[in-house]
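Have a look at the structure below before the remarks.
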Amino acid sequence: MSFHLVASLMTPGHFRSAWRLPAADPAAHLDIDYYQRLARTADEAGIDAIFLGDSPAIGPDIARNPANGIDPLVLLGNLAAVTERVGVLITSSTTYNSPYNLARRFQALDIVTKGRAAVNLVTTYAPKAAANFGLAETPDKPTRYRRAHEFLQVVRDLWDGWEPGAILADKEAGRYADPDLIHETGHRGEFFEVAGPLPTPPGPQGHPVVVQAGGSEGGLRLGSALADVIFTVAQTRAKAVDFRDDIRARAVAAGRSADAVKVSLGVIVLVGEDEADARARAEELYATLPFDDIARANLAVLGLGERDLDEPIRAEELPDIPVAEGGSAGFQVSTRALLAERPLSARELVRATAGVPGGGHRLVVGSAEQIADDLEAWWRAGAADGFTIMYADTAVDFDRFAHQVVPILVERGLFRAATPGTTLRERLGLPLWERDRGPAAVDASA
């Protein structure tokens, strides 16, 4: 048994203000040579996949930090071409895409990468995104998740359009394919009408890997019923264990095996040459943050008003409020669990989450050995099937994790480095997809 590793390419890092460090290149997030170097580093280390989050709109923090930058489908498609074994996990919105186009692009990506394609499907709230697609307002959360359920079901049907053996390639008879083995999708639903089929048969994986990241009830239903991997956030080990147990139980209730869906836990790492170096680097990064602004933003997300930013926040004083329309359910759950374990002030919360307003991902600061110890402890406790590694300062921590932490994990038997020729599904412990064998559809309104 071993766990998977996915490497985030977020630049300058999950300390979004890392571009302010003296040695940092503020334009790195637009530099293809920089990204190719990261991709080759991940490939050589045997990391299972590289990943980039995305939103189809500039965020409100553009005045202070770089945006995500290059479209991830274009960027990671390029990176797949200069690597041999690392998977490429690309974020795409079910709110602002069509199922046919997405299904075709990712099936094509799976073919040209020889089985290394994965899509991270998200619903999109950002109001500016709606305006970019000609909408007066963002669809509400229930509507976005009903659309996402139907969207993914249509995509899976399109990927299943060709039966094995559909290509005959009978030169003697001049018959290339058997049309009876190529099926229209014929979908007519609440949001989509899609005829199908796709113009090509499935790639090496059958279906590209599908990742889902929503932490609300709609997201949990979608992910446990239809996704292969769920990306999640947790500040406490107990909450992470409970989340994974819940997802496995939901998968069984949806007619799947508990092992059919893997949980990938996001962790921000800051790797020092030793503990003292790690702590010193952390303080350099904290010094780049607009601490008080982020602290106040976190208070607002938690439903708290103006207060002393150094006053401890106790879990019992938090208002029992629903997650805001655009808020992160993951942040609410993980942060409230952390405060239930120990009260923290608004400023201390900034330090615990690498200064990402409403982020909620846990920050681990230490030597390579200490970070390996931490990942091992959480995995052995049943907190995750693997980890999405998010770097405090990508320019430094990406290399250090690959060259210093990964060898320790391999030596301990905790991580099996990927080898050329294996598909991403196989490396994640998922079966290759066979037509008509997959997770059951669910009622999105349940």
Side-chain angles (χ1 to χ4, degrees), residues 72-74 76-77 80 87-123 146-212 222-223 225-229 254-256 260 423-426 430-444:
L73 185 62
V74 175
L76 274 80
V88 286
L89 171 55
I90 297 163
T91 299
S92 296
S93 172
T94 60
T95 311
Y96 300 114
N97 270 297
S98 78
Y100 183 90
N101 277 345
L102 185 139
R104 186 181 186 191
R105 289 168 185 151
F106 279 89
Q107 181 165 286
L109 188 65
D110 201 49
I111 292 170
V112 301
T113 63
K114 301 180 180 179
R116 295 189 281 146
V119 57
N120 175 40
L121 291 176
V122 298
T123 63
R146 288 201 316 278
R147 178 186 169 99
H149 272 82
E150 185 179 339
F151 188 105
L152 183 49
Q153 289 167 356
V154 174
V155 166
R156 289 215 181 277
D157 288 344
L158 286 164
W159 285 340
D160 276 341
W162 291 56
E163 291 189 39
I167 295 180
L168 303 174
D170 186 339
K171 295 182 179 180
E172 187 72 23
R175 196 159 184 248
Y176 179 73
D178 183 348
D180 291 337
L181 299 182
I182 305 172
H183 305 284
E184 291 188 359
T185 304
H187 176 87
R188 299 176 68 89
E190 179 183 1
F191 298 97
F192 307 109
E193 293 186 12
V194 181
L198 295 175
T200 53
Q205 297 187 103
H207 285 193
V209 174
V210 173
V211 181
Q212 195 273 334
L222 172 63
L226 295 173
D228 301 304
V229 179
R256 307 175 70 187
T423 68
L424 181 56
R425 280 189 167 274
E426 292 170 294
L430 298 165
L432 296 180
W433 195 277
E434 295 176 7
R435 188 176 185 276
D436 297 328
R437 187 196 74 190
V442 298
D443 181 357

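Note that these values count all heavy atoms, side chains included, but never hydrogens, waters or copies made by symmetry. Small disclaimer: the values here were computed from a predicted structure and weren't measured.
Considering only heavy atoms from C-beta on, Gln107 stays 4.5 Å or farther from Leu158 through its side chain. Here the side chains of Val154 and Tyr100 are not in contact, with every heavy-atom distance at 4.5 Å or above. At least one side-chain heavy atom of Ile90 sits less than 4.5 Å from a side-chain heavy atom of Leu109. Between Thr94 and Leu152, every side-chain heavy-atom pair lies at or beyond the 4.5 Å cut-off. You'll find the side chain of Val229 reaches within 4.5 Å of the side chain of Val209, heavy atoms only.
Using modelled atom types and a 3.5 Å distance limit, the side chains of His187 and Glu150 yield a donor-acceptor pair. A donor-acceptor contact closer than 3.5 angstrom links the side chains of Asp160 and His207.
A salt bridge is absent between Arg175 and Asp180; no separation between the charged side-chain nitrogens and carboxylate oxygens falls under 4.0 Å.
In this structure, Leu222 CG and Leu121 CG are separated by 7.5 Å, a value rounded to the nearest 0.5 Å. Rounding to the nearest 0.5 angstrom, the gap separating the OG atom in Ser92 from the CG atom in Asn97 is 5.5 Å. For the atom pair CD1 (Ile182) and CG (Leu198), the distance works out to 11.0 Å, reported to the nearest 0.5 Å. Summarising the geometry, atom CZ belonging to Arg147 is positioned 7.5 Å from atom OG belonging to Ser93; distances are rounded to the nearest 0.5 Å.
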Tyr176 and Leu168: CA distance, side-chain angles, deciding distance, side-chain contact (heavy atoms from CB on, under 4.5 Å) verdict: CA-CA 5 Å; Tyr176 179 73; Leu168 303 174; over 6 Å; no

Test log, rule side-chain contact (heavy atoms from CB on, under 4.5 Å), inputs Val210 and Val155: CA-CA 10 Å; Val210 173; Val155 166; over 6 Å; no

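The two residues Pro204 and Ile111 make their nearest non-hydrogen contact at CD-CA, 4.1 Å. The two residues Gly165 and Leu181 make their nearest non-hydrogen contact at O-CD1, 3.7 Å. Counting all heavy atoms, side chain and backbone alike, Leu424 lies closest to Ala117 at CD2-O, 4.3 Å. Pairing each heavy atom of His183 with each of Pro197, the nearest pair is O-CB, 3.2 Å. Nearest heavy-atom pair, Asp110 versus Pro208, reported as atom, atom and distance to 0.1 Å: CB-CG, 4.1 Å. Minimum interatomic distance between Pro202 and Trp162 (heavy atoms only, all atoms of both residues): CD-CB, 3.9 Å.
A ring pair (Phe, Tyr, Trp, His ring centres under 6.0 Å) with Phe151 holds for exactly one of Tyr96, Phe192, Phe191; it is Phe192. When Gln212, Gln205, Arg425 are each tested for a side chain to side chain donor-acceptor pair (under 3.5 Å) with Asp228, only one passes: Arg425.
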